[in-house]
Amino acid sequence: MAALLKVENLRIELTTRDGIAPVIDDLSLELNAGETLSFVGESGCGKSMTALAIMGLLPDKVGRVASGTIMFDGEDLAKASDARLREIRGNDISMIFQEPMTSLNPVYTIGEQIAEVLRRHQNMDQAAARSRALELLDAVRIPNPKSRVDDYPHQMSGGQRQRVMIAIALACEPKILIADEPTTALDVTVQAQIFDLLRDLGKETGTAIILITHDMGAVAEMAERMIVMYAGRKAEEGPVDQIIEHPRHPYTKGLISCVPHLVAQLSDDRPELTEVRGIVPSLMDFGRDECLFSSRCERADDKCRSSRPTEMKFKNDQHSACWQAKEL
Amino acid sequence: MSGESSGNLLSVENLTVRFPVKQGGLFKRKTFLYAVDDVSFAVKRGETLAIVGESGSGKTTAALAVARLVDAHLGTVKLGEHDFLTLKDEALRKARAKVQFIFQDPYASLNPRLRAEAVVREPLDSLDEGEPSKRQETVDELFKAVGLRPEQQRLFPHQFSGGQRQRIGIARALATRPELIICDEPVSALDVAVQAQILNLLRKLQKDFGLTYLFISHDLGVVQHMCDSIAVMYMGKIVEHADRKSLFNNPKHPYTQALLSAVPSVDKKRREATKRILIPGDPPDPINPPKGCRFANRCPIAVPSCSDSQPALRALGDSHTVACHLVDC
C-alpha cells in the first residue's frame, strides 16, 4: 500500500538574526491511511515546524522549505502554490491547535465558524451548512447542539471549545488531521474525553492522525507508531509498544524514564528520576555534523561528537539514529 | 489536636475562602463564590502533602490562603503552635520567613530587572534575616544548593533557561530557612526532560534541609512520585484524603477513581487493568453549588438521595478519609 503522505529529506531553514539555521534537517517519514502517528520530543525540537510545513503554514519570509519533498496524493506540497494549498487546507489536511481559547474567532458564533469551512470548501448553501454544523456538534458530543450552535466561544468551557475545533477540522472529512498538543491546556478528565473522541472519529472516518505531544502516556494510549524528534532530526521511529518496551536511542530512553508514571501497583520505593542533563542546543548549532544529543548523552564518545549518526534499521521496523543503537 | 505534639507542622482547620461576585443591580444581595469551602488537613514535619484537583477546584486558592496571600474568611492555619492567620504586623513579618512559596511560572515570577543574586537576596533583606554582612555568603550557599554556578549570580533572569529560572525561584524560597514550602505546580511550565531535574532537586533539598512541602499539582504522576499523602479537591471541598499507597492503589471516591483512570500511562499492565471511567458534563455553577453532593450530577454511581445532603468526610481505616454517601466504611 502506498503511503498517504510521504516526506523525503525535508530541510526547513529559518532566517534568524544570527543567520540561517536548519530547524528541520533531513527528515523523512511516511503516514499511512487511517493510522495514528505521533511526533514526540521537547519544545524546540521541530515537531510543530514539521506539521506547519505539511500544512504550508511556515511563517512567511522567515521559514522556508530548502530542500526535500512532501508528497500527498501524488502532489508535492512543498512546491504547491498558495491558492492550491488553501484548497487543500481544511479540506484534505486540517489541524487543531494547542490553545482552544485563542484559535477560535471570538466575534463569530461557533455555528458560523463551522459553517464557514463547509461553504468555502464544499460549496454548501447557508441552510445546508448550518444543518451540517449541527450534526457535527452532535458528533463531537456537545450536549444539546441546537441551543449551543449560536453561542460564542467565550460561553463555552475549554473542553467544549476544543470539541468545536475538532468539529471544524473534521467538517470536510479530511484525509489527515494534525493535532498539535490538543490537550495540553486541558484537565486530565477532559483530555481523556478528547482522546476518546479523536479515536472514535478517526475510526469512523478513516482519517489518519498526526498527534504532536511530549507526553509518552498519551502516545502509548493513542498512537500506533511514533517518531521521536530531537533538534530538528529524527532520533527514533517505530511501533509505539516496541519503543516503550525497548528504546534504541538514549534520548527516547530519557524521555520515557524522566517522567514519573502511574503504574499498576504502587510500591513504597521511589527511585530518583533519571535526568536528561542540560537542554536542547541552540538553533545555531542545529546543522552540525555530529550527534546533537551528544552533549547530553552519557554514552557519547568521540565518534558521536564528530559525525552525524546514520539511521540504523532493525528487523522489527524500529529505526534509530544513534551510533550505539545496537548495544542499547 | 495541637500542632507539635501530633508531629504536625501545619494543621489547617475549617479553612474557607470566598470571593464577592458582582451580580444584578443595586439592591441585589451580595453573593459570594466559595472557592475553598470548609477544608481541613494537616502535614507532618518533613513530609509532603499534595493537593490535587482540576482547574477551578480551589487547590491553588487553598495554598494561597495558607500563605496569607489571599484572605481567609474562616478557619485556622496552625504553624506549630501559633495560628498564622491571626498574626499581625511584626509577628506576621517574622512568621512569613517560615512559610515560602515556589510559583508555577518561572518566567513571570522573577523580577526581570534584578540580577539573579538580588532575586535570591531580596527576602533576606526585606525580612531582615541574619547579619547583613553574612547575606552574600548565604546567597553563595543557596546557589550551590540548587545547582547553579557562582558566576551565574550576576546574570539577569532572561539569560537563564526555564529550568534554571525555577532553580532561582527555589533558592529564593529557601533563603529565609523556611519550615514550610508551598510548591504551586512547580514543574508544569517546564519541558518534560527538565521536570525530572527539578523534582529530584526538590526531594534532595527536602532531605538536606528537613523541609515540609505543601505540593499543589494536577499531574498525578508527579504527585505519586513526590508526596506522602494526598488530598483530592473537587469544587472547593476535599473529597478524599489518604496516604500515597492507599490513594493510588485503592481509591474510594468515584471522582478520584475517574481522575486516576483518565491519566494515560506507558505501563501496559496498568493500561489493560484500568477501565476508563468517563465523567460527562461540566461541574455545576460554583456560585450556586447544589445542596447535596457536588459531584452527584457527573457521578457514575450516584443515586437520587445523593442530591439531598452533603456527604461529610468519614474515616476508612487509619489514614484514609472519603466524602461519599455510597462508600461503605
Close side-chain approach of [X] and [Y], heavy atoms under 4.5 Å:
X        : Y        : result
A/Glu237 : A/Met226 : no
B/Arg167 : B/Ile198 : yes
B/Leu202 : B/Pro186 : yes
A/Pro239 : A/Asn316 : no
B/Phe160 : B/Gln166 : no
A/Leu137 : A/Ile110 : yes

Just give me the residue among [options] that pairs up with chain B most often, heavy atom to heavy atom, under 4.5 Å.
options                                : answer
A/Met222, A/Glu272, A/His214           : A/Glu272
A/Val240, A/Asp241, A/Asp268, A/Asp215 : A/Asp268
A/Gly278, A/Ala218, A/Ala264           : A/Ala264

Exercise: identify the closest heavy-atom pair between [X] and [Y]:
X        : Y        : result
A/Gln98  : A/Gln162 : O-NE2, 3.9 Å
B/Cys324 : B/His253 : CB-CD2, 3.8 Å
A/Ala220 : B/Val266 : CB-CA, 4.0 Å
A/Ile212 : A/Ala51  : CD1-CB, 3.5 Å
B/Tyr234 : B/Arg298 : OH-NH1, 3.2 Å
A/Ser294 : A/Ala300 : O-CB, 3.5 Å

Handout entry: Donor-acceptor under 3.5 Å (B/Asn249 side chain, A/Gln265 main chain)
Key =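 A pair under 3.5 Å: no.
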Can you say whether [X] sits under 4.5 Å from chain A via the side chain, the backbone, both, or neither, judging by heavy atoms?
X        : result
B/Leu278 : side chain
B/Leu199 : side chain
B/Ser161 : side chain
B/Ala273 : neither
B/Gln195 : neither

Does anything in [range] reach chain B? List residues with heavy atoms under 4.5 Å apart, or say none.
range                       : result
residues 145-154 of chain A : none
residues 178-193 of chain A : A/Asp187, A/Val188, A/Thr189, A/Val190, A/Gln191, A/Ala192, A/Gln193
residues 243-262 of chain A : A/Ile244, A/Leu255, A/Cys258, A/Val259, A/Pro260, A/His261, A/Leu262

Would you call [X] and [Y] a salt bridge, taking side-chain N to carboxylate O under 4.0 Å as the test?
X        : Y        : answer
A/Arg277 : A/Glu275 : no
B/Asp184 : B/Lys59  : no
B/Asp105 : B/Arg165 : no
B/Asp208 : B/Lys204 : yes

Part of [X] within contact of chain B (heavy atom distance under 4.5 Å):
X        : value
A/Arg296 : side chain
A/Ser43  : both
A/Leu266 : both

Practice task
Taking side-chain hydrogen bond (donor to acceptor under 3.5 Å, both in side chains) as the test, write out the residues that go with A/Glu135, two or more places apart.
Solution key: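 Expected list: A/Arg132.
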For chain A, the option from [options] that forms the most heavy-atom pairs under 4.5 Å:
options                      : result
B/Val187, B/Val192, B/Asp191 : B/Asp191
B/Lys268, B/Lys245, B/Gln164 : B/Lys245
B/Gln197, B/Arg203, B/Arg244 : B/Arg244

Problem - Separation of A/Arg141 CZ from A/Arg163 CZ (nearest 0.5 Å) - result: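 Going from CZ on A/Arg163 over to CZ on A/Arg141, the span is 7.5 Å.
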Problem - Short side-chain donor-acceptor distance under 3.5 Å, B/Gln104 and B/Ser188 - result: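 Yes, because at least one side-chain N or O of B/Ser188 sits under 3.5 Å from a partner of the opposite role on B/Gln104.
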